[in-house]
Visitor: 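After the structure tokens below, expect a handful of questions from me.
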Amino acid sequence: MKPPRFDYVRVESIEQAVELLAQHGDEARVIAGGQSLMPMLNMRLVRPQVLIDIAKAAELSGIKANGKAVSIAAATTQNALLRWQGLRAHLPLLAQALPHIGHFQTRNRGTVGGSLCHADPSSELPLCLALLEGVVELRSRRGTRRLAARDFQVGVLTTAKQADELATRIHFPKAPEDAVFAFKEFHRRHGDFAVVALAAMRCGNAVRLAVGGVGDRPEVRSWCGLQGSAIDDALNEFAWQLGGSDDIHATARYRRELVRHMGRLAIAETAP
Amino acid sequence: MNLLESNIRHLVRFTLNGAQVEGYAEPRLLLTDFLRHELGATGTHVGCEHGVCGACTILLDGRAVRSCLMLAVQVEGAAIETIEGLAQEDGGFSPLQQAFHENFALQCGYCTPGILMSMTEYLRDNPNPTKKEVRVALSGNLCRCTGYHEIVNAILDAAKALREEDGASS
Amino acid sequence: MPEQVQPPNKHVGRRTLRRENLALLTGKGEFVDDLPVKPGTLHAAILRSPHPHAEIVSIDCSALKMSGVHAVVTGKDLAERTDPMLVGFQNPIDYYGMATDRVRYMGEPVAAVAATNRYLAEDAVEAIKVEYRPLAAVVDPLQALAPDAPLLHPRADSNCVSTRHFIHGAPEEAFAQADHGATLTIRYPRNSITPMETYAVVAEAVAETGGFDVLSNFQGPFSLHSVMTRALRVRSNALRLRSPKNSGGSFGSKLTIFPYIVVLCVLAGKAKRPVKWIEDRLEHLSAASSAANRVTKIEAAYTEAGKITVLRLTHWDDNGAYLRAPMPAPLYRMHGVSTNGYDIRNLEVTNHVVVTNKCPSGAVRGFGGPQLYFAVERMMQKVASELGMDPLELVRRNLIRPEQFPYQAIAGALLDSGNYQRVIEEASAAGDLDRLKQRKQAALQAGKLYGVGYAACVEPSQSNMGYISTLKTGDERRRAGPKDGAVASVTVSVDATGSVNVVGDSVPQGQGHQTVLAQVVADQLGLAPDDIAVALDTDTAKDGWSLAAGNYSNRFSPASVSAAHLAAERVRKKMADIAATMLNAPAEDLRFENGKILAAHNPDNAVPFYRVGGLAHWSPSSLPEGMDPGIRETAMWSAPELTPTSAKDEINTSLAYGFGFDFCGVEIDPATGVVRIDQYATAHDCGTILNPGMAEGQIRGSWASGIGATFYEEFAYGEDGSFLSGTFADYLVPSACEVPEFQLVHPTPTPSPYTRLGAKGIAEGNQYTTPACIANAVADALGFEDVLLPLAPAKVLAWLQSSERPPAEGTAPAKAEEGKPRIGGSGEVQVSATPESVWDILLDPQQMAKIIPGCDRLEAVGDNRFRGDVMLGVGPIKGLFEVRLDLTDLDKPRSAKLVGSAAGPLGSSSGAGVFNLKPMEGFATLVEYSYSIQLSGKVAAVGGRLLHGAARQLIERFMAALARQAGGDAAAEVHSTWRALGRRLLALLGGAR
């Protein structure tokens, strides 16, 4: 389990990274924390010609809260975000979800942008981005564009980011004052990828629920004024729409059961 | 910005347990292999090379990380601490090592360096953890011999000893 | 575990801290990969089969002329330079440690390369091209016996390579006379205890002997040494095996490193340099070792009063693709205790040894016990429930009574000592069984799913090296000559300054043997443990060792400790004889205390220990007449109770037998199927406790791996033979959060009369009891019989809920892909072209090349047959595959079948797709498609969670490209409408799998 050969370059700025991406395109991979990329490199599932290390680019690290959103530079580590003073007030969902990402040792390296770009269907950050309708900012020599969560992650390990683009910032809308959140995750062992993960948000009588680990990417539904058995009906419909498949950890049917069961718990937890 | 070519060994310098070290590495050389086989610091062990087992955990600029998920060239200029630097200056056990010793908290000892390095950061940031919190903090390090019970006790003992040490020195 | 109160000069029984820790806690351990190697040592990597079963058509190593690569071996080299490795009975399997003409499990070695470093060696392995002809695979031991099952070994006439039938007592009569009978079929899964350190070998050919020098973390038994020398065609003394001070755990698994030692020796011989191989984790999980999974049909007959009169056990032991010595020993190691700790005098056993397309089996802590006792203890629960009796009462009524010891079990085990009833009493009291029963009542009243389980076990230690002969018939045994005993060797020496050195053959894997042997020898010689040096790194060229040497089957406490005790006693006796002349006192009156040898009746009449030692070296002429100079005593110890298999197939499989008893309460969450342990107590009587700190560590470690086996750990295979647990994210080792607290009860010990200090083994008990105890509790909670391990929540929930809430009327579900391992699906795409145009694309290699993702060129290799090199992948994951496509069942322009395969370093896949082309209005076509894909190799082993989605994405990309290719400029629009349409239509096709 040793990586194949590649060139390595550590960049100090976004501009340098973008230049290199323009030059090498699909033959380059960006490494930030490497917590997903390095296992794949060690297993030789990934074979870049150039590895572009953005972890030390100062402008790619840091958290800013502005009017309506929290803007997180892509290479900010998950633990740096978890330790950020404003997290509980502005992004209470992430305060709940981040401790579920791997272990503290992997969160010390793993980055917010890295997790989103890796686009694992079971990951916590893509799920939160989907629920909160966050935005990923992409930079290339061609310019800057911003993609909404639903347009960014398109499938298993697949995003709409082009080969010459670098994810530079992630924008999470600040939690509305009246919003209540819940985060639930079912895993076989502590720190494992979720079998099913759910995030719920309630504003008044509107509920949004995002589910990860079942479909090829996190899926979101919104309902208004659901009560009693209508919640179960809605969750059942959602569960069946998600599809899902069997693997060695759980069956598709079990995942649907968890969506019904944990969905109800998550929605109940947000109830006034 | 300097592109390091794939098939050339490049100079890498950093501090290891406080001492300046250097060696040469191809870009693809894993930090674990560099520490163990270039620098001879074989106390850091390799258990899975995919980031799950935690045997290779070291401190990078004070934070516990998996050294199997890092390249040697990535730590240029960093400060790295490993099991070899954990003992006290006179060579005696640190409170964490002493607690592991007294609690029978290791058997084969293969996972132990990774656990000690993880807990070095953890106890620094969480001086008074509960048993349950210790178990969660420990969950990123797999051990097959002990069943964890004595490890948890050792960490709680070490936390107490460190608090007392802190209290005495302040 | 409480420390025994000891007199000041006695150390056995104390919680002496481990001397091993001083190096291990400071990063100075000496594991194989930590040790320096000779300059010029090469590094090996191994090419492994992506197929569960295939013929090797060709191996092309021509690309290996790259710099840094020094040698390569394939199965052909092994077949030329070695002989097949022997197993304990005549069998039709030729096993060389590397595939010769056929691969039989995913991960089987196909070639090994030696290069200047591991990175280059892995580069080289990727450059070897192997052509395979895939064969059907079989992974289930019962299906493997079907007449039409794929036959693994052509020289065999069946996948069952050994069957033995045993009758002890009069089972048939007992069944005929019984009041009641019960039958249960058990399927015990595949697992291991995956040590943190993987296999490690450094091999070098030695010119002067024509043999080899090997450093490895092989754990023994060293009976395998002769298997290796026979295979390598060298004299036994020409294979020097060494092991370093430290090994990173083994739990049995490092027994089956021996085939790799043979392969590495051949590679080193060819490379003419030392070669080092460190197994990586993917290799370890897929191809190192696994306990045999087993199907057991157990039948019991019993009286109305709850006395079990007979057991009938039929085992189908699934050993994977090959037998590697000493397999199938786990079946036979437990044969003598087939009746566990119960006084059952009639027994019938049938052992079937089966081969399937899985990793070959090997030793795993418990060694046959988990499989056997799971069946027996589940049966106890079933009988109790059918009698409406408290299961513990049933257990009590059947246990061997204290006055019956030593007790010869009906299949031959001579149970040395015990008081099983007392263990149960003490455990029930200390573990608060009454509280547990109250908790159950309260939980049931609250409508919860709560169950109580019990399990008992007899825990064998120190294996009789003759038991595997029970596999042979009496005639065969007579011809082969007797096999019995278990020789342990320890050498104690005293040097010219009175320092004591101990050398032993116990090959520790982390248990703390050095510390315990120092305690034992210190007590004999009146010294402190710190005065005693103990070296347990082994070297077959220098050490005393015999074929039982090694670390397995609870050997240390009975065997190595007895040998150390005997050797130290001999040293003591010799030194007493010398001191007697110096002190002018009878030798038998001398005491050894605090570094002195003194007269018991006149303690002032004393001589320092070191002076006596010194005299034996400095002045042989001063020694009593006839005494040899120097002080060095090697004890080769074996117990007379370890007799050969009797003519009636009775075998005392082990020397000392401990007893374990567990009980627990579990609560099951009806919404998630999660089984939570509410209370758990375990008690072990292992005779004399040598060091409570370490004994407790063995129990706690065994408990944790028992929890792993019960809930998490399984080597999962698809029905097609693909291996699915290739990473530590798939093979789930419990972490500190998954191993709950439990109550460890310390019952009154009953020392063994057959070991020198009364000690028995203690390392395996919870491998037996924990899975059975929890399964019994789950069965109790659910009233459900067929409790299968591991208890994954999805499985448990399916036992709880027979049906699922359906989707609402009229809202058809998305197509869910269920039923592992096949990946498949179906869909439709609307194409702006006529069926004829679409048809032309499908049959034209140039047009097909454009629509296959990652394909530059496709060449025709026959009628409607194509091949090409394709870069396939999803997201960042990419690999080069050789793709072959075959269009069949052509019904122009309506339907066709596409059969394809892809092979590359990431793995192999084969699949089939069916297209139906339906004309639509406006020169359009509706392409209906369905596909099914089989994957094996690396991607299947490591990518489990993501495979369905990834395959779907590739198929969708192909179909979208087809639409684009056929529809010209309108492509983009077609694609997007197709996505929406595809989703809806996929939904409509929900049941069409």
Side-chain angles (χ1 to χ4, degrees), chain B residues 26 28-29 33 36-37 40-53 55 82-87 91 93-94 96-98 100-114 116 131-132 134-152, chain C residues 15 17-18 20-31 33-36 117-119 193-198 246-251 278 280-282 508-512 693-694 696-705 707-708 727-729 733-739 741-742 942:
Chain B
E26 278 187 14
R28 65 167 162 173
L29 189 74
D33 287 329
R36 292 174 49 76
H37 301 304
T42 54
T44 299
H45 296 151
V46 179
C48 74
E49 291 179 305
H50 54 276
V52 183
C53 81
T82 62
I83 180 78
E84 286 91 347
L86 212 56
F93 281 159
S94 70
L96 190 58
Q97 289 167 317
Q98 187 65 28
F100 270 62
H101 184 44
E102 289 174 3
N103 279 279
F104 289 82
L106 63 153
Q107 289 180 30
C108 81
Y110 200 80
C111 68
T112 312
L116 294 179
K131 197 176 237 194
K132 197 172 172 211
V134 166
R135 284 192 175 265
V136 170
L138 193 55
S139 66
N141 291 88
L142 299 179
C143 166
R144 299 250 57 176
C145 296
T146 64
Y148 304 108
H149 177 83
E150 284 93 349
I151 298 179
V152 173
Chain C
R15 210 170 174 274
L17 295 184
R18 287 163 32 115
E20 289 87 346
N21 293 357
L22 301 177
L24 292 171
L25 282 167
T26 52
K28 297 191 183 76
E30 293 182 15
F31 299 89
D33 193 36
D34 299 343
L35 297 174
N117 65 53
R118 174 68 180 237
Y119 293 73
I193 310 181
T194 61
M196 296 311 298
E197 181 202 33
T198 54
N246 296 110
S247 174
S250 176
F251 319 106
I278 305 294
D280 70 35
R281 184 56 62 183
L282 298 194
Q509 310 290 315
Q511 297 94 333
M694 289 184 216
E696 190 169 325
Q698 287 302 315
I699 295 173
R700 292 192 180 279
S702 180
W703 150 260
S705 38
I707 288 293
T727 73
F728 265 163
V733 175
S735 83
C737 288
E738 284 74 50
V739 181
E741 299 282 343
F742 66 100
V942 308

Visitor: Could you tell me which portion of C:D33 (side chain, backbone, both or neither) has an atom closer than 4.5 angstrom to a non-hydrogen atom of chain B?
Guide: both
Visitor: Does any part of the side chain of B:T112, heavy atoms only, come nearer than 4.5 Å to the side chain of C:L24, both counted from C-beta?
Guide: no
Visitor: State, with a plain yes or no, whether a side-chain heavy atom of C:Q509 is found less than 4.5 Å away from one of B:C108.
Guide: no
Visitor: Distance check, rounded to the nearest 0.5 Å: B:L138 atom CG versus C:C737 atom SG?
Guide: 8.0 Å
Visitor: Determine the option with the most heavy-atom pairs under 4.5 angstrom with chain C, choosing from B:K132, B:E102, B:E49.
Guide: B:E102
Visitor: Spell out, as yes or no, whether a donor-acceptor pair under 3.5 Å connects the side chain of C:E197 to the backbone of B:Y110.
Guide: no
Visitor: Taking every heavy-atom pair that is under 4.5 Å apart, which of B:S139, B:G43, B:G140 has the most such pairs with chain C?
Guide: B:S139
Visitor: Look at the side chain of B:R135 and the backbone N and O of C:A736, then say whether any donor-acceptor pair between them is shorter than 3.5 Å.
Guide: yes
Visitor: Please assess B:F100 against C:N21 for the test side chain to side chain contact (heavy atoms under 4.5 Å, CB included), listing each intermediate value before the final yes or no.
Guide: CA-CA 9 Å; B:F100 270 62; C:N21 293 357; over 6 Å; no
Visitor: When heavy-atom pairs shorter than 4.5 Å are enumerated against chain B, which of C:G697, C:A704, C:S705 gives the highest number?
Guide: C:G697
Visitor: Side-chain contact, heavy-atom cut-off 4.5 Å: B:Q107 with C:M694?
Guide: no
Visitor: How are the rings of C:F31 and B:H45 set relative to one another: parallel (under 30°), tilted (30 to 60°) or perpendicular (over 60°)?
Guide: perpendicular
Visitor: Heavy-atom distance under 4.5 Å to chain B: side chain of C:F251, backbone, both or neither?
Guide: side chain
Visitor: Under a 4.5 Å heavy-atom cut-off, does chain B meet the side chain of C:E20, its backbone, both or neither?
Guide: neither
Visitor: Do C:R15 and B:F104 have side-chain heavy atoms sitting under 4.5 Å apart?
Guide: yes
Visitor: What residue in B:K131, B:R36, B:E26, B:H37 has the most heavy-atom pairs under 4.5 Å with chain C?
Guide: B:R36
Visitor: As an exercise, state the distance from CD of B:Q98 to CG of C:L17, rounded to the nearest 0.5 Å.
Guide: 8.0 Å
Visitor: Output, in order, the C-alpha distance, side-chain angles, deciding distance and verdict of side chain to side chain contact (heavy atoms under 4.5 Å, CB included) for B:H149 and C:E741.
Guide: CA-CA 7 Å; B:H149 177 83; C:E741 299 282 343; 3.1 Å; yes
Visitor: Among B:C143, B:A41, B:C48, who wins on heavy-atom pairs under 4.5 Å with chain C?
Guide: B:C48
Visitor: How long is the straight-line distance from CZ of C:R700 back to CD1 of B:I151, given to the nearest 0.5 Å?
Guide: 12.0 Å
Visitor: Counting heavy-atom pairs closer than 4.5 Å to chain B, which one of C:G701, C:A23, C:G249, C:A729 comes out on top?
Guide: C:G701
Visitor: Identify the two heavy atoms, one from B:H50 and one from C:T727, that lie closest to each other, and give their separation to 0.1 Å.
Guide: NE2-CB, 3.4 Å
Visitor: Pick from B:L106, B:D33, B:V152, B:L29: which one has the most heavy-atom pairs with chain C under 4.5 Å?
Guide: B:L106
Visitor: Report which part of C:T194 has an atom under 4.5 Å of a heavy atom belonging to chain B: side chain, backbone, both, or neither.
Guide: both
Visitor: If we only count heavy atoms from C-beta on, is the B:I83 to C:K28 side-chain gap below 4.5 Å?
Guide: no
Visitor: Given heavy-atom pairs under 4.5 angstrom as the criterion, report whether the side chain, backbone, both or neither of C:S247 touches chain B.
Guide: backbone
Visitor: If I measure from the heavy atoms of chain B, does C:E30 come under 4.5 Å with its side chain, its backbone, both, or neither?
Guide: neither
Visitor: Which atoms of C:L22 come close to chain B, meaning under 4.5 Å heavy atom to heavy atom: side chain ones, backbone ones, both, or neither?
Guide: both
Visitor: Can a donor-acceptor pair be found, under 3.5 Å and without considering hydrogens, that links the side chain of B:Y148 to the backbone of C:P734?
Guide: yes
Visitor: With a 4.5 angstrom heavy-atom cut-off, could you sort out which part of C:P508 is near chain B: side chain, backbone, both or neither?
Guide: neither
Visitor: Could you tell me which portion of C:R118 (side chain, backbone, both or neither) has an atom closer than 4.5 angstrom to a non-hydrogen atom of chain B?
Guide: neither
Visitor: Specify which of B:V46, B:L142, B:T82, B:L96 makes the most heavy-atom pairs with chain C at under 4.5 Å.
Guide: B:L142
